[in-house]
Protein chains: 4
Amino acid sequence: MATATARQQRTQRRRAEIISAAIELFQERGFHAATTHQVAERAGLSVGLIYQYFGNKEDLLRAVIVDILGEFRDRIPVEIAASGADPVARLRAGYRAYVAVIDENRDGTLLTYREGLTLAPDGREEIKKLEIETAAPLRDVILEGMASGAFVDVDVDLVVHNLILSAHGWALKHWRLAKSYDVSSYADAQLDLLLRAIRP
Amino acid sequence: MATATARQQRTQRRRAEIISAAIELFQERGFHAATTHQVAERAGLSVGLIYQYFGNKEDLLRAVIVDILGEFRDRIPVEIAASGADPVARLRAGYRAYVAVIDENRDGTLLTYREGLTLAPDGREEIKKLEIETAAPLRDVILEGMASGAFVDVDVDLVVHNLILSAHGWALKHWRLAKSYDVSSYADAQLDLLLRAIRP
Amino acid sequence: MATATARQQRTQRRRAEIISAAIELFQERGFHAATTHQVAERAGLSVGLIYQYFGNKEDLLRAVIVDILGEFRDRIPVEIAASGADPVARLRAGYRAYVAVIDENRDGTLLTYREGLTLAPDGREEIKKLEIETAAPLRDVILEGMASGAFVDVDVDLVVHNLILSAHGWALKHWRLAKSYDVSSYADAQLDLLLRAIRP
Amino acid sequence: MATATARQQRTQRRRAEIISAAIELFQERGFHAATTHQVAERAGLSVGLIYQYFGNKEDLLRAVIVDILGEFRDRIPVEIAASGADPVARLRAGYRAYVAVIDENRDGTLLTYREGLTLAPDGREEIKKLEIETAAPLRDVILEGMASGAFVDVDVDLVVHNLILSAHGWALKHWRLAKSYDVSSYADAQLDLLLRAIRP
DNA sequence: TATGAATGAGGGTTCATTCAT
DNA sequence: CATGAATGAACCCTCATTCAT
């Protein structure tokens, strides 16, 4: 039905608008300091509506974080796929994409760190699952590399853990890193360091 | 005067009690969700007293973070000094101490991550300074090692940044890492990886 | 639009309800001793709403005082205008109206005296301006009288100052004056005294 | 006993110091905004001591007001007595003294107005009694004048009421009056006006 | 659907007052 | 007498949430 579809689209748009406003506000002032009224105002609609789209403030936070993590899940595999077959090239592409997403969303990344515990256990589990899902493509690349002999045998999970930490580090310590690096050179420097450790 | 000293000691103890209770509560429920009344109750004293020792809730948070960072500043140099002259041994000692402090203080570490941004600019600056101070001993060890030829030439600050991130990683992702590592093996695994990258 | 008007009316009514409750309470117990919860309770609505209509407790006090002063501004000129052309009659009408308003609003008048200084400089200025505005009609009457020869030349401002003080005196010392006077006889006695001084 | 006397003197001095500090503070910030700690600090002693000299904060306020009113009670009769036998001269002397005390203690006068109601009924009664006592000398002067034919027959209490109101008016509306008058000319102008009304 | 007026529990903070030293 | 650390009741204010329109 055309009407139903139109309505659904409208709903989708509304949701996106609210999430977008919430991301901005949560980043600017932190989840707790930002009020639902402010979110409503910035999104250009009424408080009541927020409660129709998201049951409560915490659910909105969850949606916001999921939205951010979603970008990683969507973009990293694409970039890896587009980079050919060489494990090193694939790793480089994946990591660079990861850091790029973080850079475009620096405050959002911090938000995930700051407010992860704010969520109730349910939400926390959802986030953890998404984080693992997000890291999976990088994990696969390392595994492939190890299988093909391009990388030595190491604890994949530790390496992935480090990759992700170092990527997040770009947001976490941006105030210091930005003096010596830009996104691209940071990613390269980290990759060089890692490759020295895991190349045969 | 004995009395003056006794009073000072009492004051010190009180401060420590409050900070300790605050760390627990802030980490359990988050800074915003924890109430000053709860902190008072857990510390076994009255709300009013908290406000006599720390001007307000945010100052308490600041004190808590400073207190945690202080432990790094105090313990790492000692461990390094006690480990002899070999750069690798010194690095190992310093990093292990760092990870150990984090492990003993996992809640506090997470707190620093979560709530560091909650502070007003002033407090944030203070924390940043302390963080740099805290990292200095590790930084010196790397520099010595590079000077003596024990390590190849790399960007010291990047390496130190990674060391600290990976140490914090132990607290940040403890829920996952604890399945494969204990503190000690985690530190060793990370050191091995790093040494592969920076040894000639 | 009917709805908009209805809403505005409702808003006006709410404001008036809150102000009315506040006048009562502030006068009964003093501004500081009265709590916002008490005001809300007496007005039959919630605390939160008070803060939606008036930003904070002090602003409520300001509104209360402005409201009271407004009655003078509205009523005195009307009474004067309705009293003909004779300066003495006009003075009498104006002053009696002034005292009448005070009598109907004795609590409010005392409040102005007691709590006027409680306001921050901004509010104080606003009040001062209103006070001057309030006195203007009486001032004009005296000036007319002097111009027409009905009154001798005196310092208008001093005379007006005394008129207002003596009117306020009815509220300030009501506990004593009420033994000998009622509103009307008080106003007359004061007028007689004044006229002896300023009639040629 | 010399020691007992010395102790009493010390007590008297302490009391005076506290009252003096309290007057300053209460005037500067109002009774409610001033804290007992601030009073203690300004008086150069500990909070606890205030509670030994005055049972509680309200009693301190009462003492402060009594102290101020005491000055009227002490000075006006002296000035009247020193001004000879002429009723007009005596009235002038008494009123000028009254206004002078107010001028020297402008904030204290306002304090009496603002905080009179703050006191519990007991204290309020005490103040009222003192006010009447304070006005008595002026009342007597008017009565004498009426008896001697220097003044016409009027309601003494109304006249005294006006005298005192106008004197207080100097403190209450000082911000406006100070543009046209100083203490002395204000007293004279008021006296002139009054004398036109009550001289035969 | 959409609004926003209304609610009220709860939090940070203050400060008069006490009491062990 | 004198101190000042300690208490805790109480206040102002915020803000997530609801619901009549």
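Heavy-atom basis, side chains included; hydrogens, waters and symmetry copies ignored. Lettering follows sequence order; numbering is per chain, from 1.
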* To do: Please confirm whether the backbone N or O of A/A120 pairs with a side-chain atom of A/E58, one donor and one acceptor, at under 3.5 Å?
  => yes

* Between F/dC12 (C1') and C/L61 (CG): distance, integer Å -> 15 Å

* Structure fact -> Whole-Å distance, C/F31 CZ to F/dC12 P, equals 8 Å

* Structure fact -> The answer to which of A/T11 and B/A33 contacts DNA chain E further toward the 5' end, by nearest nucleotide, is A/T11

* Structure fact -> Scanning all shown strands, the Watson-Crick or wobble mate of E/dA16 with both distances under 3.5 Å is F/dT7

* Give a yes/no answer on whether the side chain of A/R14 brings an N or O atom under 4.0 Å of OP1 or OP2 in E/dA2. => yes

* To do: Between D/Y53 and A/A34, name the one whose nearest nucleotide on DNA chain F is closer to the 5' end.
  => D/Y53

* Does NZ in D/K129 sit with more than 12 non-hydrogen atoms of other residues, nucleotides or ligands closer than 6.0 Å? -> no

* **Rounded distance in Å - CD (A/Q52) to P (F/dT17)** => 15 Å

* Nearest to the side chain of A/S46 - E/dA2, E/dA6, F/dA6? -> E/dA2

* Asked: Atom CG of C/L49 to atom P of E/dA6: distance rounded to whole Å?
  -> 5 Å

* Short question: side chain of A/T109, backbone of A/N105 - any donor-acceptor pair under 3.5 Å? -> yes

* Quick one: is C/Y51 getting a side-chain N or O under 4.0 Å of the E/dG8 phosphate, OP1 or OP2? -> no

* From B/T112, B/T118, B/L117, residue fulfilling side chain to side chain contact (heavy atoms under 4.5 Å, CB included) relative to B/E115 -> B/T118

* Structure fact -> Considering only heavy side-chain atoms of B/K57, the closest of E/dT13, F/dA2, E/dT3 is E/dT13

* Pairing partner of F/dT21 (Watson-Crick or G-U wobble, both distances under 3.5 Å) -> E/dA2

* Output yes when at least one side-chain N/O atom of C/R10 is less than 4.0 Å from OP1 or OP2 of E/dA6, else no. => yes

* What's the CD-P distance between B/Q8 and F/dG4, to the nearest Å? -> 14 Å

* Rounding to a whole Å, what distance do you find between A/I50:CD1 and E/dT1:P? -> 16 Å

* Take B/T35 and C/V47, find for each the nucleotide of DNA chain E with the closest heavy atom, and name the residue whose nucleotide sits nearer the 5' end. => C/V47

* Between atom CD in C/Q38 and atom C1' in F/dC12, what is the gap in whole Å? -> 13 Å

* Under 3.5 Å, side chain of B/R124 to main-chain N/O of B/L119, donor-acceptor pair present? -> yes

* Asked: More than 12 heavy atoms of other residues, nucleotides or ligands under 6.0 Å from CD of A/E41: is that the case?
  -> no

* Structure fact -> Separation of F/dC11 atom C1' from C/E41 atom CD, nearest Å, is 15 Å

* To do: Please determine if a side-chain N or O atom of D/T36 lies less than 4.0 Å away from the OP1 or OP2 oxygen of E/dA16.
  => yes

* Asked: DNA chain F: A/N56 or C/H37, which has the more 5' nearest nucleotide?
  -> C/H37

* Asked: Using purine N1 to pyrimidine N3 plus N6-O4 or O6-N4 for Watson-Crick, or N1-O2 and O6-N3 for G-U wobble, both under 3.5 Å, which nucleotide pairs with E/dG11?
  -> F/dC12

